[in-house]
Structure formats: C-alpha cells, structure tokens
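Down below is the structure, laid out as structure tokens.
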Amino acid sequence: MNPDTIITRFAPSPTGFLHAGNYRTAIFAYLCAKRSPRGIFILRIEDTDKERSKKEYEDNIIETLAWLGITPDQTFRQSEHSGRHRELLEKLIAEGHAYRSAETPTEENRRSEVIRFRNPNIPVTFTDVIRGPITMDTTDLGDFVIARSIDEPVFHFAVVVDDADEGISHVIRGEDHISNTPRQILIQRALGVPTPVYAHLPLVFGPDRTKLSKRRGAKALTEYRDLGYLPEALINYLALLGWHPENNQELFSLEELLRVFNLSRIQKSSGIFDETKLLWYNAEHLKRLSSEAFEAVLRDYLQREGSSVPEYLEKIIPLLQERSTTLKEAADALGNGEFSFFREAPITPELLIKGAKTDAETAKRHLVHLETLLIDIPESAWDAGFLKEQLFGYADQEGRGVVLWPLRTALSGKEKSPDPFTLLALLGKQESLARIGKAITALV
RNA sequence: GGCCCUAUCGUCUAAUGGUUAGGACAGCGCCCUCUCACGGCGUAAAUCGGGGUUCGAAUCCCCGUAGGGUCACCA
C-alpha cells in the first residue's frame with residue numbers, strides 16, 4: 001500500500017436523519033481521502049444499536065450522499081463484521097485485556113454479565129491534526145464496558161476493529177469524539193493494531209448557537225434538495241464552513257475543492273450554519289450553470305415536485321436563471337408568480353397608470369402611438385434589441401416612465417416584471433398587440 | 001462538578017511578532033433603471049478581559065471570563 005494513500009470513512013449510525021453538520025464531516029473525509037493518490041473513502045453504517053437503527057435512515061444517508069456526489073468506494077454495515085468482533089473479543093479475554101464481569105441488573109441495564117476492558121489506568125496522548133497534542137488520563141474511565149455480550153460489541157470496540165480491518169489511515173469525525181479517543185487507543189494497543197491519524201472537526205451549531213438538531217429546526221439535507229438547492233451549493237458552503245483556502249476564492253466545484261483542500265487549514269472553533277449565506281452560494285451556482293444545464297435541473301425539479309412544465313419554459317429560461325436563487329423560486333415564478341404573465345395579463349386602468357404618474361388619457365395616447373409603431377415592425381425583426389431601438393427614442397422624448405410603465409403593465413399585468421422589450425419579444429407580435437389593444441380599451 | 005476543546009466585524013473567515021486588522025454573506029447608502037431582479041460603487045462593523053515576554057503582540061506564555069464537548073450495557 002502506498003504510504004501516501006489515505007483511507008477515510010464516514011461512519012454514521014442510522015438512528016435518525018443526518019443534518020448538515022454530519023454531511024460536512026462526510027465531505028471533509030471524502031476530500032481528504034480523494035486528494036491522495038488512489039485514496040479510498042468508505043461509508044460504514046454503524047448499526048450496532050439494533051433497537052434504534054432503521055433502514056429508512058440508512059437509505060436516506062445513502063441517497064443524500066449520492067445526491068451530493070460524495071460517492072463511497074465501499075459501503076459496509078457494521079453488523080456484517082460481527083464474526084470478527086467476536087473473534088477479537090475472545091482474543092482480548094484470552095489475553096487478559098478484557099474479562100467477563102458480573103453485574104447487578106438495574107432498571108436500564110438488564111444484563112447480569114458484560115465484557116469489560118482491563119484499564120491500565122495511564123495517561124494517553126495523541127496528536128490531533130487540527131488541535132495538536134491532547135493528553136487525557138484514562139484512570140477515571142475505570143474498566144469500561146466494551147461489549148454487552150460476546151456477540152454484542154459496544155461502539156468503542158467495534159469502531160476500533162473495523163477501522164483497523166478496513167485500513168483506515170485517517171479518522172475524521174466530530175469534536176464530540178475527542179474524549180472517546182483515549183479509550184479507543186487503549187483498545188488499539190491491547191489489540192496490537194496501529195493508531196490512525198485523528199482529525200476532530202469543530203462542531204456546527206444552529207443560529208441559536210446550540211448544537212444542530214432536528215428538534216431545533218435543523219433540516220435533513222434532503223429537505224434542501226426539495227427546497228430547490230443544488231448539491232454543488234451545499235458542498236461549497238459546507239466545505240467553507242470551517243475550512244478556508246489560501247486565497248480568497250469563495251466559489252468552488254467539487255473538482256476544484258479536490259485540488260486545493262487541505263486538512264491543515266481547518267478551523268479549530270465551531271461555526272454557525274447560516275442559511276442566508278447558503279442561499280447566496282445557491283444563487284451563484286445557479287448562475288454558473290449553462291442555460292441548458294439550468295433547464296435540465298429545473299425540469300428535474302419540476303418533475304420531482306409534480307409540477308407541470310409550461311410549454312413556454314424554454315423561452316424564459318434565461319430570465320428564470322438570472323432571477324432565481326433556488327429552483328423552488330423558479331418553479332413558483334413559473335406557477336403563479338412573476339412569470340404568470342405568459343398565460344394572462346389581468347389589467348386594470350389603475351395599474352396601467354400607477355407607476356407612470358400620469359392620467360388615463362395620456363397613458364392611452366402613448367399606447368396608441370406605440371401600437372402604430374409596432375404594427376409596422378415585421379415579425380422577422382421582432383426581437384428585444386430591435387424593438388428597443390424602435391421604441392426607445394419615443395419613450396425618451398416623451399418621458400420614459402409615462403410611456404414605458406403603461407406598456408409594460410399592459411403586457412404583463414404586473415407591477416413587477418421584466419422590461420417591456422423583453423416582454424414584447426417573448427409574447428410575440430400578435431399577442432403583444434392584442435394586449436396593448438385591450439389596455440387601450442380599458443383606459444377609455 | 002471532573003476532564004477536554006475553543007475564543008478576530010452580526011455570520012463565515014484572512015493576517016502564523018511589524019498591515020490604515022483584509023475579503024465574503026447579511027445590513028445600510030448611492031448609481032444603473034418605467035417596475036422588479038441582475039450588476040456596479042461606497043459605507044458601517046471585530047482582535048473577550050487582565051497580566052506578562054518583546055523595541056514591537058490579534059499572533060507566544062499565564063490567570064480569569066464566556067461558549068462548547070464529554071463523563072452509558074447510544075453512536
């Protein structure tokens with residue numbers, strides 16, 4: 001094995017939906033492994049807690065990782081290794097590093113016998129890549145439990161065995177595991193397996209500065225997909241929450257991250273998950289897409305949400321792309337929002353003059369004049385640029401607001417919309433003239 | 001409480017003994033503009049406190065303080 005090859009794992013327990021902080025850990029572990037030659041990233045489902053582990057959660061983890069594009073090279077389930085756990089447990093007992101211990105069953109702990117580790121009661125020092133050397137006295141751990149029975153290893157024992165068997169070179173996990181590390185090192189020494197490199201990531205908190213949790217409104221990551229976020233945006237945001245490149249670059253694709261990511265630039269202090277900044281990343285990544293790619297992801301999104309795809313979608317893709325910060329926003333704009341002008345333009349005399357600061361008579365006069373100008377423009381020349389050329393002189397001369405506001409509202413039926421030239425081009429000559437005619441009538 | 005970790009604008013962060021403490025998001029203002037969005041420009045905003053060390057400290061050391069983690073037959 002190449003000594004530069006890094007093998008990392010993401011080892012969630014399928015006992016609930018994972019939040020952004022968990023996936024940030026996965027992203028860092030993935031980047032760390034994949035930056036090295038032939039690096040391997042392993043997904044290990046830690047399902048030793050049989051009561052609380054659920055298939056539903058496991059599926060969600062796999063689905064989310066796939067959506068993010070963080071593909072594991074191998075996937076294990078910890079329960080698959082139970083034979084190996086038992087074997088090493090027996091070895092430890094035979095060698096005197098562990099022993100069967102008689103217990104008095106209590107309300108919570110029903111067993112009358114468990115397997116305990118014979119604690120040498122020594123200080124253990126390990127070097128964390130992010131924090132430097134950390135020393136802890138293991139004495140107060142006592143002879144801790146490593147298995148509920150010979151066939152039911154506890155987390156601390158199972159991780160050590162699996163990490164060793166899978167050849168994990170770097171353990172990248174949350175800071176909440178720092179105090180677990182010394183006892184795991186004790187087990188490693190008893191087993192005679194190497195101690196991996198440890199990198200304990202700072203935690204991610206919610207805006208209320210408390211640990212991210214479902215209870216406090218933290219979303220399962222798939223909810224962001226449903227809200228119209230791009231996986232690229234989540235990856236980019238999460239990677240830069242607690243890590244920073246050497247320059248000021250903010251926008252990264254996964255491939256770009258793979259080129260510059262480095263464990264040594266990870267922050268020591270915990271960060272706060274900021275949805276506002278995530279939204280900005282999403283808007284930026286949406287803008288970076290080619291219009292073909294944008295259309296494709298939007299169609300996917302509409303399909304997944306069960307929304308209909310309007311026949312004019314293709315025409316307004318550029319507008320949608322520029323104006324949307326999420327795919328949901330684009331979908332909403334398409335449905336009943338600012339782009340519904342494609343279906344209908346409900347006008348009232350009030351709307352037609354509202355922002356023009358003029359009276360109905362004047363607005364009508366301008367619309368009539370514009371109508372005569374437009375009638376002469378052939379369909380073959382009917383594009384936004386040319387239309388603006390033809391009409392802008394008049395608007396400039398008469399007052400832009402007083403001319404353009406009635407025109408724009410006549411076409412869109414809305415106070416807020418794209419500019420009138422874009423609208424004319426989008427609607428086509430026939431529909432545009434029909435709407436202008438309607439507006440003129442309304443102003444009588 | 002014991003043990004452990006952490007501490008720069010509201011948020012994410014840069015600056016590894018010498019900078020007017022830099023950037024980004026959000027905020028605010030201005031410009032562009034018929035409206036909305038985009039875009040451009042600008043503005044405000046921080047080294048937790050106290051002691052050292054040093055010619056010089058955001059940076060190194062100590063003590064406080066604050067926040068967090070962990071003390072399971074959960075992971």
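Letters go in sequence order (proteins before strands), and every chain restarts at 1.
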**OP:** Step through it carefully: locate the ring centre of Tyr394(A), locate the ring centre of His366(A), and say whether they are under 6.0 Å apart.
**Re:** yes
Original post:
Can a cation-pi geometry be assigned to Lys388(A) and Phe392(A), taking NZ or CZ under 6.0 Å from the six-membered ring centre and within 45° of the ring axis?
Top reply: yes
Subject >> Asp165(A) bridged to Arg84(A) by N-O distance under 4.0 Å >> reply: yes
Original post:
So which one's nearest nucleotide on RNA chain B is more toward 5', Gly401(A) or Ile130(A)?
Top reply: Ile130(A)
**OP:** Hey, which sits more toward the 5' end of RNA chain B by its nearest nucleotide, Arg131(A) or Gln78(A)?
**Re:** Arg131(A)
Original post:
Would Tyr57(A) and Phe17(A) count as a close aromatic pair, with their ring centres under 6.0 Å?
Top reply: yes
**OP:** In plain terms, say whether Arg77(A) and Glu46(A) are close enough for a salt bridge, that is, a side-chain N and a carboxylate O under 4.0 Å apart.
**Re:** no
**OP:** For the side chain of Ser179(A), starting at C-beta, report the closest nucleotide among U70(B), C73(B), U35(B).
**Re:** U70(B)
Subject >> From C36(B), C73(B), C5(B), nucleotide with atom closest to Glu175(A) side chain >> reply: C5(B)
Original post:
OP1 or OP2 of C71(B) less than 4.0 angstrom from a side-chain nitrogen or oxygen of Arg183(A), does that happen here?
Top reply: no
**OP:** Can you figure out which of C5(B), C73(B), G69(B) approaches the side chain of Asp176(A) most closely?
**Re:** G69(B)
**OP:** Assert yes or no for the condition that the ring centre distance of Tyr229(A) to Tyr281(A) is strictly below 6.0 Å.
**Re:** no
Original post:
Per the atom types in the model, does the base of A75(B) pair as donor or acceptor with the side chain of Asn180(A) at under 3.5 Å?
Top reply: yes
Original post:
Where the side chain of Ile272(A) is defined as all heavy atoms beyond and including C-beta, which of G10(B), C38(B), C12(B) is the nearest nucleotide?
Top reply: C12(B)
Subject >> Heavy-atom protein contacts under 4.0 Å, nucleotides 19-32 of chain B, coded B base, S sugar-phosphate only, - none >> reply: ---BBBSS------
Original post:
Is there a donor-acceptor contact under 3.5 Å from the side chain of Asp128(A) to the main chain of His200(A)?
Top reply: yes
Original post:
Between G69(B), A15(B), G10(B), which one does the side chain of Arg265(A) approach most closely?
Top reply: A15(B)
Subject >> Closest nucleotide among U13(B), A37(B), U70(B) to the Lys211(A) side chain >> reply: U70(B)
Subject >> Phosphate contact (G39(B) OP1 or OP2) by Arg323(A) side-chain N/O below 4.0 Å >> reply: no
Subject >> Nearest-angstrom distance from the residue atom CG of Leu286(A) to P of A37(B) >> reply: 17 Å
